[in-house]
Protein chains: 2
Amino acid sequence: MPVDRQLAVLLVRAPEGSLERWTLPWAPAPGTGTSLDELAADVARRAVPIAPGWLEQVGAFADDRRHPGDVALSVGFVGAVPAGTRSSLGEDAAWFPVAELPALAPRHQAIVAAALEAVRHRLDLAPIAFRLLPSSFTLSDLQRVYEILLGRRLHKASFRRALQAASLVQPTGEWRSEGRGRPAQLFRFAPRRRGRRRRGVRFDLLG
Amino acid sequence: MPVDRQLAVLLVRAPEGSLERWTLPWAPAPGTGTSLDELAADVARRAVPIAPGWLEQVGAFADDRRHPGDVALSVGFVGAVPAGTRSSLGEDAAWFPVAELPALAPRHQAIVAAALEAVRHRLDLAPIAFRLLPSSFTLSDLQRVYEILLGRRLHKASFRRALQAASLVQPTGEWRSEGRGRPAQLFRFAPRRRGRRRRGVRFDLLG
DNA sequence: GACCTTAGTATCGCGCGGGTACTAATTCGC
DNA sequence: GCGAATTAGTACCCGCGCGATACTAAGGTC
């Protein structure tokens, strides 16, 4: 979830005697036949009070980088929960901004790195940014999330034009006054599937 | 690899007594600590005479869809080998166009589907199309590969303009006459890293 | 030599993206 | 109270990328 202009990662306190003090939430594999997605949803349910609005696998890791549980193979997942999900977490869990992560087991570091890359790559294929916000939000909120995830500033007018053209949001009619400045209108995520435009090939991202 | 206007998948003959006649090339996991990428490269090396120019993980699969080896968890990989790699394959392996795949174990079907999606999603992040062609190729060849992978026709002039602007290819100076029609100039993949352009957010692919 | 087929280029128009600048509505400081 | 600061939202302009159309080039086939 986003916490003041940064993405934050949920960590849980490691058991006594571990090499690190914090770990990613994880669980050992149960009996055969369980879907990985269900298993990941279980882990998430145990870690945060509300279900993530987006949850996706980022890959399997089995090299010699150490996992806290010393398991041979780990399957990493990323999820998104709305900003403001800090209440009722319990003492054993906390959000850490990605730039200030505590020491993690090497394999967990790799998983976090892969998760961040996955988020960036799937940002325009899945409604990740919307799942990082509460159900009603301002357009400036939304733009801030995109700027956090992309790591660069965006042009306000272009952002809104593109958003409008894709008809992804609906105004709720309510307005929110956030301290100083003009109040902003609240929107909700309400995609009305227009025929998606097919554009040319992008060579400029290659390499 | 591309085979007459379609992508083709390499399958190997299943051992006697299996439920299906063909399977994806696969190997059981060895002892702990082996990198998955090395393992995948090994499997590829055993399956095709030349090393794939691109190889990437597509994810882990552990639901109750059956794997021919009845393993609990499988990690799928995709690779790309140049068109024309059909010689010296041996009798136990063959290329099948994706539209005419024989019956496969359910988990292998899922892996193939995920692999195709991965190819499409990473097409403009990794030089996949170039790895599906021999080291020297015509621009029409390249465009055909992109059209196969994207599943739609592309505009010739736009395609070449964008390619030129990204300075990804160099003319070799040679020309190839392919039956009828004007001979085409041969190019090689020679990316000269220009500063990649940062463009706006795409909302139109979302959903 | 007429015609087909494929390669490659030129020109034009439209729409998108981004820069700049503007208006609108609220809080803060004095 | 009133201006300054701050944030929201819009208007205009310009350049470029994309796609349509049409054209030239160079080889085959009959």
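Here is how names work: the chains are called A, B, and so on, in the same order as the sequence lines, proteins then strands, and each is numbered from 1. Here the structure is a predicted model, which means the values were calculated and not measured.
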I'd like to compare against my own output: the B/S/- annotation of nucleotides 20-30 of chain C with a strict under-4.0 Å heavy-atom distance to protein. B---BBBS---

Can you name the residues that form a side-chain contact (heavy atoms from CB on, under 4.5 Å) with [X], not counting sequence neighbours?
{"X": "B:Ala41", "value": "B:Arg45, B:Leu55"}
{"X": "B:Ser18", "value": "B:Ala14, B:Pro15"}
{"X": "B:Glu178", "value": "B:Arg176"}
{"X": "A:Leu123", "value": "A:Ile128, A:Ala129, A:Tyr146, A:Leu149, A:Leu150"}

First encountered from the 5' end of DNA chain C, between B:Arg161 and B:Leu139: B:Leu139

Most 5' of B:Arg160 and B:Gly200 on DNA chain C, judged by nearest nucleotide: B:Arg160

Determine the contact category for B:Ser140: base if any of its heavy atoms lies under 4.0 Å from a base atom, sugar-phosphate if only primed atoms, P, OP1 or OP2 are that close, otherwise nothing. sugar-phosphate

Base, sugar-phosphate or nothing for B:Glu178? Non-hydrogen atoms, less than 4.0 Å. nothing

Counting only non-hydrogen atoms, which of residues 141-154 of chain A are less than 4.0 Å from DNA chain D? none

Tabulate below the donor-acceptor pairs under 3.5 Å that side-chain atoms of residues 97-115 of chain A make, not counting sequence neighbours, or state none.
| unit_1 | atom_1 | unit_2 | atom_2 | d |
| --- | --- | --- | --- | --- |
| A:Arg107 | NE | A:Arg65 | O | 3.2 |
| A:Arg107 | NH1 | A:Val71 | O | 3.0 |
| A:Arg107 | NH1 | A:Ser74 | OG | 2.7 |
| A:Arg107 | NH2 | A:Asp63 | O | 3.0 |
| A:Arg107 | NH2 | A:Arg65 | O | 3.4 |
| A:Arg107 | NH2 | A:Ala72 | O | 3.2 |
| A:His108 | ND1 | A:Leu24 | N | 3.3 |
| A:His108 | NE2 | A:His67 | NE2 | 3.3 |
| A:Gln109 | NE2 | A:Leu104 | O | 2.9 |

Counterpart residues, salt bridge (Lys or Arg N to Asp or Glu O under 4.0 Å), relative to A:Glu20 (two or more places apart): A:Arg66

Salt bridge (Lys or Arg N to Asp or Glu O under 4.0 Å) contacts touching residues 148-157 of chain A (sequence neighbours left out): A:Glu147-A:Arg153

Could you work out, with side chain to side chain donor-acceptor pair (under 3.5 Å) as the rule, every residue matching A:Trp54, not counting sequence neighbours? A:Glu56

Five pairs at each end of the helix from C:dG1-D:dC30 to C:dC30-D:dG1: take the axis at both ends and give me the angle between them to 10°. 0°

With B:Trp22 via ring pair (Phe, Tyr, Trp, His ring centres under 6.0 Å) - residues at least two apart: B:Phe96

